Amino acid sequence: MEPFTAGLISLEDAQQKMLQQLTPISDCLSVSLFEAAGRITAKPVTSPLDVPPFDNSAMDGYAVRLSEIVPGREFPVAGKAFAGAPFNGEWPVGSMIRIMTGAPIPAGCDAVVMQEQTEQREGGIVITAEVRDGQNIRRIGEDIQAGKQVLDAGVRLGAAELPLLASLGIAEVSVLRKLRVAIFSTGDELQAVGQPLADGQIYDTNRFTVSLMLNKLGCEVIDLGVIADDPEALRKAFSEADRQADVVISTGGVSVGEADFTKAMLEELGVITFWKLAMKPGKPFAFGRLANSWFCGLPGNPVSAAVTFYQLVQPLLATLTGQTTRIMPLRQRARATQRLKKSPGRLDFQRGILSRGEDGELEVRSTGAQGSHVFSSFALADCFIVLDRDRADVKAGEWVEVEVFNSLLEG
């Protein structure tokens, strides 16, 4: 076993130490498009056809031949072309074809004149604007050419990607299997949500929160419940979780109390990479390796558990699933509308509410109490106010960095 290191490390160092050790899963399967939402592509996807599959009209108007256009000429209409019902008849010289958006372009057509640039006269249709070769015609393969790669491997499939595949007639897609994540909470004081509380008990909100976030990330959740503060019970839970899962997540028991056995059990059963973070909330966070799985030990306080999951577990899971698209939000600048309390020493993630000031600049205000037990701060917030490790109190009007919540913490 490697020696247990109790020193504080930065969030950036912690993320680097975690992610550089990981190898993404490679097991894949083919699923229908209707089952593919939230899954990760296992290999690049190429188009089996051209999009559009034929030259078609971009406007409602009239198909014309440029050689026949003379200013003021009145064109009779020789026929009509609709989407799904092309014009296939003979196209007489000196006439137009009425054409609708999406309809195939008739053979010999050089341009489509939009309806708004024509006039109906007694002798036929008169063009009232200049006509350019190829105007208002969508060419075959203009959007996507057959054989062209449309998605990389490692793309999370959502409301932008799946309709694209559907438009190509792709009914099934190769995706990576779901990541298997075992979760349990530790603590004699914990009671499952929905059960009556005995004296001295509290509800196990952390496991509930973690389970919700894992489901949002498309993981297969193995819920092992609440484990008592007992070394043998913990040893059994760790062994069972390690046998079934790719990642094991516990909440609680990684602090320094006399009944916090998780840290000791990890030293016995696996290898610890780091334990304490220079981060608030979320100082006691354990990461390491068991025999068959990776381990993340979240703090017991609800806000600390949610923040460490968001900042550390989320990118870990994305990396293991082979996801290459960005999942963490970009940081941007906002002006604090009030004083924010901050002591130097740890990177601080305070919960905030964004708005836009009269000058158009982003402004942010605190949700109020920032204690690691005050989970209501998340219900009010839409961003993190990210205060650097060495920063002290923030005065009203000063600029700070903010991270807008991504879909993991949105409703």
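Since we're looking at a predicted model, the values are computed, not measured. When a residue number appears, it is its place in the shown sequence, counting from 1.
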So how far is it from Asp60 CG to Met100 CE, rounded to the nearest 0.5 Å?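 Rounded to the nearest 0.5 Å, the CG-CE separation comes out at 5.0 Å.
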Please answer whether the main-chain N or O of [Y] pairs with a side-chain N or O of [X] as donor and acceptor at a distance below 3.5 Å.
X: Asn136; Y: Ala58; value: no
X: Asp393; Y: Lys342; value: yes
X: Gln117; Y: Glu130; value: no
X: Asp242; Y: Asn292; value: yes
X: Arg73; Y: Glu68; value: yes

Worked verdict on Arg391 versus Val400 for side chain to side chain contact (heavy atoms under 4.5 Å, CB included): CA-CA 10 Å; Arg391 188 162 190 168; Val400 294; 3.9 Å; yes
Where do [X] and [Y] come nearest, in terms of heavy atoms and distance?
X: Ala63; Y: Ile99; answer: N-CG2, 3.9 Å
X: Asn56; Y: Pro52; answer: ND2-CB, 3.3 Å
X: Thr251; Y: Ser185; answer: OG1-OG, 2.8 Å

Hey, are the side chains of [X] and [Y] touching, using non-hydrogen atoms and a 4.5 Å cut-off?
X: Val402; Y: Gln332; answer: yes
X: Leu298; Y: Ser304; answer: no
X: Arg235; Y: Glu268; answer: yes
X: Val175; Y: Leu29; answer: yes

Between Met279 and Val307, is a side chain to side chain contact (heavy atoms under 4.5 Å, CB included) present by the stated rule, with each step listed? CA-CA 10 Å; Met279 171 176 161; Val307 172; 3.4 Å; yes
Carefully, step by step, assess Leu179 and Leu214 under the rule side chain to side chain contact (heavy atoms under 4.5 Å, CB included). CA-CA 10 Å; Leu179 203 65; Leu214 289 172; over 6 Å; no
Criterion ring pair (Phe, Tyr, Trp, His ring centres under 6.0 Å) against Phe287, the qualifying member of Trp275, Trp294, Phe295: Trp294
With a 4.0 Å cut-off on N to O distance, would you call Arg139 and Asp55 a salt bridge?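 Counted as a salt bridge, because a side-chain N and a carboxylate O are separated by less than 4.0 Å.
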Strictly below 4.0 Å, N to O, side chains only: are Arg335 and Glu361 in salt-bridge contact? no
Kindly determine whether Thr41 and Glu161 satisfy side chain to side chain contact (heavy atoms under 4.5 Å, CB included), including the steps that lead there. CA-CA 10 Å; Thr41 53; Glu161 297 79 11; over 6 Å; no
Lys/Arg cation over aromatic Tyr62: Arg98, 6.0 Å, 45° cone: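 Judged by the rule, Arg98 and Tyr62 form a cation-pi pair.
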Would you please indicate yes or no on a ring centroid separation below 6.0 angstrom for Tyr310 and Phe384? yes
Is a donor from one side chain sitting under 3.5 angstrom from an acceptor on the other, for Thr128 and Glu119?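 Distance-only check fails for Thr128 and Glu119.
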Applying the side chain to side chain contact (heavy atoms under 4.5 Å, CB included) test to Val51, which of Ile140, Ile144, Val150 qualifies?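 Testing each of Ile140, Ile144, Val150 against Val51, the sole residue satisfying side chain to side chain contact (heavy atoms under 4.5 Å, CB included) is Ile144.
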